[in-house]
**Student:** 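What follows is a structure written as structure tokens; I'll ask about it next.
Keep in mind that this is a model prediction, so the values were computed, not measured.
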Amino acid sequence: MNSPWPLLITLIYVAIAMVIGLRARGVRANRADMNSLEEWGVAGRSMGPITLYLLIAAGSVSAYTFMGAPGWAYSKGVAVFYVAIYLAYLALVAWYFGPKVWAFGEKFGHVTQASAIADRYQSPALGALAALVMAIGSVAYAVLQTIGSAYILFVMSGGLIPIWLGVVLVLACIAVYLYASGQRAIGRTNAFQGVLMLIVAWAVGLWAVHSATGGLSFAGVFERIQADHGEFLTLPGAGGDMSFSFWTTSIIVSMFSFMPPVWTQWMSASSARTIRRSATWLPTYYIVILPMVVVGFIGIYSLPELARADTVALEYAMQYLPVVLVGLLGAGTLAASMSSSEPFIHSISLSLSKDVLQPMLKLTDGVTGKLARVFILPIMFLVVAPLAIAEPGSLVMILLVGLGFASQVLPAFIGMFFWPRASRLGVMAGIVAGFLITVSFTTLWPHPLGIHAGFWGLMINLPVFIVVSLLTPATNADVVERFFRIAAPRGLTRLGKQSDQLS
């Protein structure tokens with residue numbers, strides 16, 4: 001395709017996103033405010049239900065939707081629908097845990113996930129450990145999104161913008177408005193990007209179905225797949241590499257990964273009720289993934305010899321769809337990538353500054369706030385950019401590896417919401433044991449017996465956490481009661497009876 005329109009439409013989107021991000025600080029937030037952790041980190045806890053709805057929705061619907069999901073449908077088939085279970089679970093998690101997390105932040109002044117962990121267990125060292133482990137998972141996610149963004153610019157420019165330059169350009173654009181406006185920029189740009197993605201996904205999906213079947217029903221696509229390529233509609237998939245055990249444990253690991261940006265998004269809400277309203281609406285947005293998955297299935301018989309499965313939606317659009325839709329698909333895919341990379345880069349910088357560097361260097365909140373804004377630059381250009389340029393694997397596998405590491409912080413949340421007896425040393429021992437197993441089963445012996453490395457980590461992590469917690473002193477009863485008055489108010493009577501054991 002030689003038309004300049006796809007690239008032009010994509011670049012217009014980038015320009016609009018930058019303007020929205022830069023203007024997000026508004027008149028209420030002056031330069032001094034943006035140097036505060038409350039303002040740059042959680043937008044002054046001011047986001048309303050519609051903005052929060054689109055922020056959470058767009059942030060969880062990433063380059064995976066426009067590239068990874070169609071790619072998995074194209075290469076593996078029905079295994080791609082693991083994401084439907086995962087996204088449905090995210091909405092339930094937001095509805096139940098979100099208001100509690102918001103109350104923690106409002107009452108105790110938390111601005112990061114790790115700061116809540118440090119407070120619950122009265123251990124800055126544990127908070128720092130959780131921040132570092134979560135940073136690994138978050139970097140993987142940011143790398144995934146950046147690869148998707150760079151590839152879009154490469155395709156839309158006809159190869160004139162190489163991958164390395166696309167990585168630098170996208171990160172530079174995000175850095176400008178993220179530094180200037182912080183979480184407010186993420187909220188405003190994600191709202192715009194979320195609307196754009198929803199429109200583009202359904203426009204492209206329905207047009208693709210019509211071009212492939214002559215109608216608008218998805219049924220015709222699956223009837224043809226069933227007739228000619230039935231192996232794509234059952235596990236272990238067409239390649240035989242997506243076993244039931246790996247598929248199931250990937251879902252479990254994804255469900256147990258409380259990623260830091262989601263925590264920050266909850267704390268950015270104006271009230272607990274705002275989170276409940278937004279979470280209730282979330283499933284209405286997640287249908288965005290369905291038409292793009294169908295495009296991947298169409299590619300099975302329309303584009304049988306693709307070298308890279310993640311490109312199936314783009315390749316199909318360039319061959320069969322009008323040039324304007326190709327440009328909108330480029331903009332929509334870039335929107336999906338940027339809307340997810342922004343919050344992850346933001347949360348990494350915020351948490352490493354607040355939970356690692358501040359206690360280590362004894363920094364004031366003011367200095368830490370300034371550091372968090374500046375720290376996005378080395379994270380972007382010294383960590384995310386080199387990894388994205390190296391393109392370490394398929395988009396979905398990068399995501400699953402990241403979630404595997406993030407899930408190892410699960411014991412901290414069990415002790416925060418469900419088990420008062422959880423101890424600092426128990427959580428720390430569980431995280432370290434699970435992390436080491438996940439590293440080993442990701443690099444040295446990938447996913448033994450077809451079970452996700454992160455699930456193996458949890459199988460060691462949780463027993464270690466429980467045993468060590470029972471053998472070591474629990475957190476001070478006053479602190480535990482402070483948290484459980486919010487997390488489980490109906491359990492306070494029982495907690496009171498156990499107070500002697502918790503002291």
Side-chain angles (χ1 to χ4, degrees), residues 12-60 62 105 111-112 138 142 145-146 149 168-197 260-270 274 278 334-354 365-381 384:
I12 289 173
Y13 151 74
V14 174
I16 294 173
M18 286 194 66
V19 171
I20 291 173
L22 288 170
R23 292 176 61 86
R25 61 191 302 171
V27 295
R28 289 179 55 201
N30 56 36
R31 189 174 301 275
D33 286 331
M34 278 301 160
N35 284 328
S36 76
L37 293 170
E38 279 278 327
E39 187 60 52
W40 191 83
V42 293
R45 309 185 198 274
S46 63
M47 291 187 180
I50 295 177
T51 299
L52 189 68
Y53 161 71
L54 290 169
L55 168 61
I56 297 174
S60 56
S62 61
V111 294
T112 66
S138 297
Q145 309 309 326
T146 305
S149 299
V168 173
L169 289 176
V170 169
L171 290 178
C173 291
I174 294 174
V176 170
Y177 61 75
L178 196 55
Y179 174 84
S181 307
Q183 183 73 349
R184 289 184 182 274
I186 296 172
R188 296 288 181 85
T189 55
N190 273 24
F192 165 63
Q193 291 158 343
V195 172
L196 177 64
M197 285 188 284
V262 176
W263 197 281
T264 305
Q265 289 163 4
W266 294 339
M267 288 192 292
S268 300
S270 58
T274 293
S278 301
L334 195 56
S337 302
M338 293 174 66
S339 67
S340 293
S341 60
E342 296 163 10
F344 276 89
I345 292 169
H346 172 267
S347 72
I348 295 169
S349 182
L350 182 64
S351 190
L352 292 182
S353 300
K354 169 66 177 174
D365 282 346
V367 172
T368 304
K370 294 177 182 178
L371 176 62
R373 296 179 71 189
V374 175
F375 204 44
I376 62 172
L377 299 178
I379 291 170
M380 284 179 161
F381 296 107
V384 175

**Student:** Kindly compute the distance separating CZ (R184) from CH2 (W40), expressed to the nearest 0.5 Å.
**Tutor:**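 Reported value, rounded in 0.5 Å steps: 14.0 Å.
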**Student:** Once you round to the nearest 0.5 Å, how far does OG1 of T368 lie from CZ of R373?
**Tutor:**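 The OG1 atom of T368 sits 14.0 Å away from the CZ atom of R373.
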**Student:** W266: what forms a ring pair (Phe, Tyr, Trp, His ring centres under 6.0 Å) with it, not counting sequence neighbours?
**Tutor:**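 For W266, no residue satisfies ring pair (Phe, Tyr, Trp, His ring centres under 6.0 Å) once neighbours in sequence are set aside.
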**Student:** Restricting to side-chain contact (heavy atoms from CB on, under 4.5 Å), what partner residues turn up for V374, sequence neighbours left out?
**Tutor:**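 For V374, the residues satisfying side-chain contact (heavy atoms from CB on, under 4.5 Å) (neighbours in sequence not counted) are Y179.
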**Student:** Look up atom CD1 in I345 and atom CG in L377, then write down how far apart they are to the nearest 0.5 Å.
**Tutor:**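 Those atoms lie 10.5 Å apart.
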**Student:** Using side-chain contact (heavy atoms from CB on, under 4.5 Å) as the criterion, list what pairs up with A335, not counting sequence neighbours.
**Tutor:**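 Scan of A335 (side-chain contact (heavy atoms from CB on, under 4.5 Å), adjacent residues dropped) gives Y13, Q193, L196, M197.
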**Student:** Testing the basics here: between A269 and L52, what is the closest heavy-atom pair and its distance to 0.1 Å?
**Tutor:**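 Result for this residue pair: CB-CD2, 3.7 Å.
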**Student:** Passes side-chain contact (heavy atoms from CB on, under 4.5 Å), H346 versus I376? Steps please.
**Tutor:** CA-CA 7 Å; H346 172 267; I376 62 172; 5.8 Å; no
**Student:** Would you give the length of the straight line joining atom CD1 of I186 to atom OG of S268, rounded to the nearest 0.5 angstrom?
**Tutor:**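 It comes to 8.0 Å.
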**Student:** For V14 and C173, work out which heavy atoms get closest and say how close.
**Tutor:**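 Minimum heavy-atom contact is CG1-SG, 3.8 Å.
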**Student:** Quick one: side-chain contact (heavy atoms from CB on, under 4.5 Å) partners of L371, sequence neighbours excluded?
**Tutor:**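 For L371 the side-chain contact (heavy atoms from CB on, under 4.5 Å) partners, ignoring immediate neighbours, are S353, L357, L363.
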**Student:** Is I12 atom CD1 crowded by more than 12 heavy atoms from other residues, nucleotides or ligands, each under 6.0 Å away?
**Tutor:**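 Atom CD1 in I12 is crowded, with more than 12 foreign heavy atoms closer than 6.0 Å.
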**Student:** Counting only N and O atoms by type, is there a donor-acceptor contact under 3.5 Å from the side chain of S181 to the main-chain atoms of L178?
**Tutor:**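 Between the backbone of L178 and the side chain of S181 there is no qualifying donor-acceptor contact (under 3.5 Å).
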**Student:** So, using ring pair (Phe, Tyr, Trp, His ring centres under 6.0 Å) as the criterion, who are the partners of Y177 when residues are at least two apart?
**Tutor:**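 Partners of Y177 under the ring pair (Phe, Tyr, Trp, His ring centres under 6.0 Å) test: none.
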**Student:** Identify, with sequence neighbours excluded, every residue that meets side chain to side chain donor-acceptor pair (under 3.5 Å) alongside S347.
**Tutor:**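 Once residues adjacent in sequence are excluded, S347 has no partner under the side chain to side chain donor-acceptor pair (under 3.5 Å) criterion.
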**Student:** side-chain contact (heavy atoms from CB on, under 4.5 Å) with A191: which residues, sequence neighbours excluded?
**Tutor:**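 Checked A191 against side-chain contact (heavy atoms from CB on, under 4.5 Å); matches are L54.
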**Student:** Output the distance between atom CD (E342) and atom OG1 (T189), rounded to the nearest 0.5 Å.
**Tutor:**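 Those atoms lie 3.5 Å apart.
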**Student:** How far apart are the C-alpha atoms of I56 and V262, what are their side-chain angles, what is the distance that settles it, and do they pass the side-chain contact (heavy atoms from CB on, under 4.5 Å) test?
**Tutor:** CA-CA 7 Å; I56 297 174; V262 176; 5.5 Å; no
**Student:** Does S278 use its side chain to pair, donor to acceptor, with the backbone of P49 at less than 3.5 Å?
**Tutor:**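 Pair found, side chain donor or acceptor close to backbone of P49.
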**Student:** If the condition is side chain to side chain donor-acceptor pair (under 3.5 Å), which residues does T264 pass it with, not counting sequence neighbours?
**Tutor:**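 Residues passing side chain to side chain donor-acceptor pair (under 3.5 Å) with T264: none at all.
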**Student:** For M47 and G187, work out which heavy atoms get closest and say how close.
**Tutor:**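 M47 and G187 have their closest heavy atoms at CE-CA, 3.7 Å.
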**Student:** Taking side chain to side chain donor-acceptor pair (under 3.5 Å) as the test, write out the residues that go with S270, two or more places apart.
**Tutor:**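 In terms of side chain to side chain donor-acceptor pair (under 3.5 Å), with neighbours along the sequence ignored, S270 is linked to T274.
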**Student:** Using every non-hydrogen atom in the two residues, find where F381 and V168 come nearest and quote the distance to one decimal.
**Tutor:**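 Of all heavy-atom pairs spanning F381 and V168, the closest is CE2-O, 4.1 Å.
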**Student:** State the CD1-CD1 distance between I20 and I16, to the nearest 0.5 angstrom.
**Tutor:**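 Result: 6.5 Å between the selected atoms.
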**Student:** So, S349 side chain and A372 main chain: donor-acceptor pair closer than 3.5 Å or not?
**Tutor:**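 Yes, S349 side chain to A372 backbone: donor-acceptor pair under 3.5 Å.
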**Student:** According to salt bridge (charged side-chain N to carboxylate O under 4.0 Å, His left out), does anything in residues 40-56 pair up with another residue at least two apart or in another chain? List the pairs.
**Tutor:**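 For residues 40-56, and leaving out neighbouring residues, the salt bridge (charged side-chain N to carboxylate O under 4.0 Å, His left out) pairs sorted by first residue read E38-R45.
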**Student:** When you measure from the side chain of S337 to the backbone of T146, do you find a donor-acceptor pair of N or O atoms at a distance under 3.5 Å?
**Tutor:**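 No, S337 side chain to T146 backbone: no donor-acceptor pair under 3.5 Å.
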**Student:** Report the residues that fulfil side chain to side chain donor-acceptor pair (under 3.5 Å) with T112, sequence neighbours left out, ordered by chain and then residue number.
**Tutor:**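 Partners of T112 by the side chain to side chain donor-acceptor pair (under 3.5 Å) criterion, ordered by chain and then number, come out as S115, D355.
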**Student:** If a pair satisfies salt bridge (charged side-chain N to carboxylate O under 4.0 Å, His left out) and one of its residues is in residues 172-182, list it, with sequence neighbours excluded.
**Tutor:**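 Every candidate salt bridge (charged side-chain N to carboxylate O under 4.0 Å, His left out) pair involving residues 172-182 fails, so no pair, neighbours aside, qualifies.
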**Student:** Is a side-chain donor or acceptor of N35 paired with a backbone partner of K370 at a separation under 3.5 angstrom?
**Tutor:**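 No; judged by distance alone, with no hydrogens or angles, the pair does not exist.
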**Student:** Between K354 and L37, is the side-chain contact (heavy atoms from CB on, under 4.5 Å) condition met? List the steps.
**Tutor:** CA-CA 8 Å; K354 169 66 177 174; L37 293 170; 3.8 Å; yes
**Student:** Taking all atoms of both residues into account, what is the closest heavy-atom pair of A175 and M380, and its distance?
**Tutor:**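 Nearest heavy atoms, A175 then M380: CB-SD, 3.5 Å.
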**Student:** Going through the distances and angles, do Q183 and L55 end up as a side-chain contact (heavy atoms from CB on, under 4.5 Å)?
**Tutor:** CA-CA 10 Å; Q183 183 73 349; L55 168 61; 4.0 Å; yes
